[in-house]
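Only one structure is covered here, and it is reproduced in the block below.
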Protein chains: 2
Amino acid sequence: MTIVEEKTAADPCAEAQRYLRPDGQDQYTISEVAEFTGMSAHTLRWYERIGLMPHVDRSHTGQRRFSNKDLDWLAFVGKLRLTGMPVADMVAYAEMLRAGDHTSRQRQALLEATRVDVVRRIAELQDTLSVLDSKISAYAGAGQAPERTA
Amino acid sequence: MTIVEEKTAADPCAEAQRYLRPDGQDQYTISEVAEFTGMSAHTLRWYERIGLMPHVDRSHTGQRRFSNKDLDWLAFVGKLRLTGMPVADMVAYAEMLRAGDHTSRQRQALLEATRVDVVRRIAELQDTLSVLDSKISAYAGAGQAPERTA
DNA sequence: TGTTTGCCTAGAGCGCACTCCAAGGTCCTA
DNA sequence: TAGGACCTTGGAGTGCGCTCTAGGCAAACA
């Protein structure tokens, strides 16, 4: 929790890179990663199980040790999740990555389709925002006039 | 179907007001409303059952006859749904509406909270968009370079 | 030397938002 | 007057994305 509040001074967008990654240390326990990413440890294990994460390194006793690369990937997954992309599609992307270079065309296509989707969703939300604004200003102006249109 | 393709010339945003509502006619069957709103008839009945719709008028044989006011409400619900607002919250709003004028302050607050949420989501999506763009341009530029960062 | 804490696994369970089913009534056309 | 499309209801089922449970292992602390 305390870590979340710190941020690198050079980063203009605190939301994007919430977690601190000291360069000297490249080994995170699952609970640390849960804290950094906001995902639960259950979710992280589940992501690995369904193939949304590459297999994570283990300690000699079998405990997961996440790397900075894993954190990068999880940050990306977190972004995709915000777009409403189905987990199955993310898994498909991850599998294409694992499959190698010959899938890069498909991966690019998938990202581009996602991009189109995100643009559409932004437009929808902006439209919704204007609806909300007009209702809110009706409430602010009258007090009970908006009753008619809900 | 044919109705959907017509649109009022004055409306700059076809997405928002997809359906045509002839002023002379104020009675729609559930399947018509399903077509206009893109919601299934099942969903419309379900919305009524859970209290997200006010009770809809019935024909003498008990079939639903939706009014233009119902369509307005459904359009609003559709917008709220796009924001990711839980259905339970929308029901709460609907109940406040039914409860009368003394809830208008709370309703306004709820809409304002929703607004804040929508603004945040737009920001998140725009952030995601820039992540996607940088990945896409990496794919477009190199072909296999993005491999490292996924 | 306990006890607590954190982690492991496979698999079951949950909440949400629908979505469908069964059994039956109604409307419309021929 | 028959047939088919459409509507009704209550309740069960589905798919998704987690979320939790049970039973157990390992390290750290009192």
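Computed from a predicted structure; not experimentally measured. Every chain is numbered from 1, with letters handed out A, B, ... down the list of sequences. For the numbers below, each heavy atom of this structure counts, side chains included, while hydrogens, waters and symmetry mates do not.
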_Flag side-chain contact, heavy atom, 4.5 Å: A:E32 against A:E35_ = no
*Do B:R64 and B:L44 have side-chain heavy atoms sitting under 4.5 Å apart?*
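No, too far: nothing below the 4.5 Å cut-off.
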_Heavy-atom donor-acceptor pair, A:T103 side chain to A:Q106 backbone, under 3.5 Å_ =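 Not confirmed, A:T103 side chain does not pair with A:Q106 backbone.
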With a 4.0 Å cutoff (strictly under), does any side-chain N or O of [X] reach OP1 or OP2 of [N]?
X	N	result
A:R58	D:dA26	no
B:S31	D:dC7	yes
B:R64	D:dT9	yes

Looking for any heavy atom pair under 4.0 Å, which part of the strands does [X] touch: base, sugar-phosphate only, or nothing?
X	result
B:T29	sugar-phosphate
B:R49	base
A:R65	nothing

Choosing from [options], which nucleotide comes nearest the side chain of [X]?
X	options	result
B:Y47	C:dC18, D:dC6, C:dT19	C:dC18
B:R81	C:dC18, D:dC18, D:dT21	C:dC18
A:R45	D:dA27, C:dC7, D:dT19	C:dC7

*Between C:dA17 atom C1' and B:M85 atom CE, what is the distance in whole Å?*
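About 15 Å, once rounded to whole Å.
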*In terms of the nearest nucleotide of DNA chain D, which residue is placed more toward the 5' end: A:W46 or A:H60?*
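Its nucleotide being nearer the 5' end, the pick is A:W46.
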*So, B:D70 and B:S67: side-chain donor and acceptor under 3.5 Å apart, yes or no?*
yes
*Which residue, B:A88 or A:T61, contacts DNA chain C at a nucleotide closer to its 5' end, judged by nearest heavy atom?*
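Its nucleotide being nearer the 5' end, the pick is A:T61.
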